[in-house]
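Heads up, the thing below is written out as C-alpha cells.
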Amino acid sequence: MPPAHIELAALRKVYPARGGDVVALDGIDLAVARGAIHGIVGRSGAGKSTLIRCLTVLERPTSGTVTVDGEVLSDLSEARLRSARRRIGMVFQHVNLLDSRTIAANVAYPLEVAGMPRERRAARVAELLELVGLAGRGDAYPAQLSGGQKQRVGIARALATEPAVLLCDEPTSALDSATTRQILGLIRDLRDRLGITVLIITHEMAVVREICDSVSLLEHGRVVETGPVGDVVAVYGSRLARELIPVPELPLDDARSLVEVAYTTDDVATQDVLGAVAALGDGVEIAAGTIETLAGRRVGRLQLDVPAGDVDAALTRLRAAGVHAEVTR
Amino acid sequence: MTWWDDVLADPVIREKVPQATLETLQMVGVASLLTLVLGLPLGVLLHTTSAGGLTPQRAVSAVTGFVVNIGRSLPFVILMIAVLPFTRWVVGTTLGWQAAVVPLTLGAVPFFARLVESALREVSPGKVEAARVMGSTRRKILGSVLVREALPAIVAAATVTVIALVSFSAMAGVIGGGGLGALAISYGYQRFNTPVMIACVVLILVVVQAVQIVGDALTRRLDHR
C-alpha cells in the first residue's frame with residue numbers, strides 16, 4: 001500500500017464541560033491513500049463535524065496527530081498553519097460563498113490570501129471555472145446561481161491553490177438527487193484528472209455508493225467499521241453492509257420470523273441461491289430482496305419469511321449452500 | 001396681498017429659515033461623519049471581542065459593552081447638558097451648531113456601534129470559517145468577509161443613525177445649538193408663527209426623506225443577495 005496521504009493517529013478531542021468531559025473523538029486512526037476517495041459516515045452527533053474541524057486544525061486535537069501530505073498539521077503554530085491550510089481545499093454543505101463578491105472574485109479569494117499577483121489571478125480563475133463547468137459565469141453573483149452551481153463554485157474555490165487534498169463536509173446534503181449525482185460525478189472526475197485525495201464526510205450512503213473507494217463508519221467518536229467499499233459490503237451483517245445494500249423495509253407488525261440471506265457472486269451465483277431457497281419448501285417465501293453491483297462486486301441480500309418451526313432447518317440448509325444466513329426477527 | 005405673499009415676505013421665513021436649514025445640515029453632516037468614523041470601529045470591537053467573535057476578549061467586551069450601554073441609556077436632553085463642560089473644552093463655546101456636534105456625536109456613536117455589532121453578527125459563521133480554512137489572517141477576515149459582507153446592513157444602520165441625528169439636532173436647538181429645531185421652538189412655538197413652524201417641519205421632513213432615499217439606494221447597490 002502506498003504511504004497514506006491523510007493520516008490520523010490516536011486522535012482525541014475532549015471538550016471540558018460542567019458535569020463531566022464530553023469526548024467527541026475517542027482515538028481515531030485513519031489512513032487515506034493518495035488519490036483515493038474516502039467516505040466517513042455516521043449519524044449526527046457521531047463526531048463527524050469535530051473530525052473535520054480537527055483535520056483542518058480549526059480546533060486543536062486534545063491528543064493524537066493529523067498528518068496531511070507529509071506534514072504534521074497538529075504540531076504547527078497558527079502562522080505556519082495558515083500557509084499549510086492552502087494545501088487543503090475544503091467544500092462545505094452550505095458552500096459559504098461571499099454574497100458581496102462575484103463568482104470570479106469568490107474563486108479568486110484564496111489566491112488573494114495566498115498572495116498571487118492580480119494579473120495571474122484572472123487567468124487562474126477562468127481556468128478553474130472552466131474546470132467545474134461554469135466558464136463565462138464569472139460576473140454573476142452567488143444569488144443568481146442554483147444550489148448545484150453554487151457548489152461548483154465552492155469546488156472551484158477549494159481547488160484554487162492546487163491543494164493536495166480535498167475535504168468535503170456534507171457536500172451534497174443540501175442538494176436534490178439529480179444535482180447530487182452531478183456534483184459527485186464532478187468530484188470523481190477531478191480526482192481522476194488532478195490525482196487529488198478526497199475525504200468526504202456525509203450521512204448519505206448514496207454518496208459512498210456513488211464515488212467512495214473506501215469508507216469508515218464513525219460512532220460515538222470511534223471508527224467502528226472501515227475498509228474498501230468492495231470489502232465492507234462482503235462483511236455480512238455489518239452496519240455498513242446493511243446500509244450500503246439496503247433491503248426494502250417490511251411492515252413492523254408482521255409476526256413471522258425473518259431469515260436474512262447475504263452473499264456475493266464471487267462465492268455463489270444468484271441462481272444457486274434462489275435454488276437453495278426454493279428447495280426449502282412451500283412455507284418459505286422471499287419477502288424482500290436486493291441485488292446490486294458495488295465497487296465491482298455483485299452483492300445480494302434477501303429477507304426470507306420462514307414459518308417459526310422451520311427456522312433452524314432453513315439456516316442449516318442455507319449455510320450448507322454457501323451463503324450467509326441469520327435470523328433478523 | 002394674499003396670505004401666501006405675507007408668508008413669503010416674512011423676514012423670519014426669508015432669512016432665518018434658510019440660515020437654520022444650513023445650520024441643521026452642517027450640524028447633522030459633521031456629527032454623522034464623526035459618528036460613522038468612531039462608531040464603526042467601536043461596533044467592530046464589540047463584535048470581535050464578544051464570545052463568538054474573531055478574537056474573544058471577555059474583559060474588553062464587558063467594559064466596552066458597559067460604556068456603550070451608559071451612552072445608550074442616557075436621555076439625549078440630559079446627555080446634552082451633562083457634557084457641556086466637555087463641549088466647551090473641545091469647541092471653546094457651548095453655543096452654535098459647532099458646539100451641538102459634540103453631544104450629537106456622543107449620543108449617536110453608541111447607538112450606531114450597537115447597530116454595526118448586530119449587522120456583523122448576521123454574517124454567517126460559515127463564511128468566516130471558510131475564510132479561515134483558506135488561510136486568511138484575522139485582519140483579512142475582518143475586512144474582506146465580516147465588514148464587507150455586512151456592508152449593506154451597515155449602510156442601512158448608518159441611514160437610521162443619520163435620521164436619528166436629524167431628530168436629535170432639533171433637540172440640540174433647545175440649548176442654543178441653532179438649526180431648524182431651535183427656529184421652530186423660538187418662532188413657531190413661543191411666538192405662535194405657524195408658517196415658520198410648518199416650514200421647519202417640512203424642511204426637516206425633506207432632509208429625512210432625502211437621507212432615507214440615498215441610504216436605501218446605496219444599500220440596494222451593495223446588496224447582491
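Per chain, numbering begins at 1; letters A, B, ... match sequence-line order.
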Per-residue contact mode, A:S83 against chain B (heavy atom under 4.5 angstrom)
neither

Any A:I52 side-chain heavy atom under 4.5 Å of A:C54 side chain:
no

Min side-chain heavy-atom separation A:R87-A:V68 under 4.5 Å
no

Let me know if B:S136 has heavy atoms under 4.5 Å from chain A in its side chain, its backbone, both or neither.
both

What I want to find out is whether A:R124 reaches A:E119 closely enough, with some N-O distance under 4.0 Å, to be called a salt bridge.
no

Sub-4.5 Å heavy-atom contacts with chain A: which residues of residues 148-162 of chain B show up?
B:R148, B:E149

Name the member of A:L98, A:T161, A:T56 that forms the most heavy-atom pairs with chain B at distances under 4.5 Å.
A:L98

If I measure from the heavy atoms of chain B, does A:E78 come under 4.5 Å with its side chain, its backbone, both, or neither?
side chain

A:D99/B:K127 ion pair, N-O < 4.0 Å
yes

Within the 4.5 Å heavy-atom criterion, are A:S216 and A:L30 side-chain neighbours or not?
yes

So A:L166 and A:L159, do their side chains get closer than 4.5 Å, heavy atoms only?
yes

What part of A:L97 gets within 4.5 angstrom of chain B, counting heavy atoms only: side chain, backbone, both, or neither?
backbone

Basic-acidic side-chain contact under 4.0 Å: B:E129, B:R132:
no

Sub-4.5 Å side-chain heavy-atom contact between A:H203 and A:S173:
yes

Is there side-chain contact between A:D69 and A:R34, with at least one heavy-atom pair below 4.5 Å?
yes

Select, from B:S124, B:A131, B:G126, the one with the greatest count of heavy-atom pairs under 4.5 Å involving chain A.
B:G126

If one checks every heavy atom of A:P110 against chain B at 4.5 Å, the contacting part turns out to be both

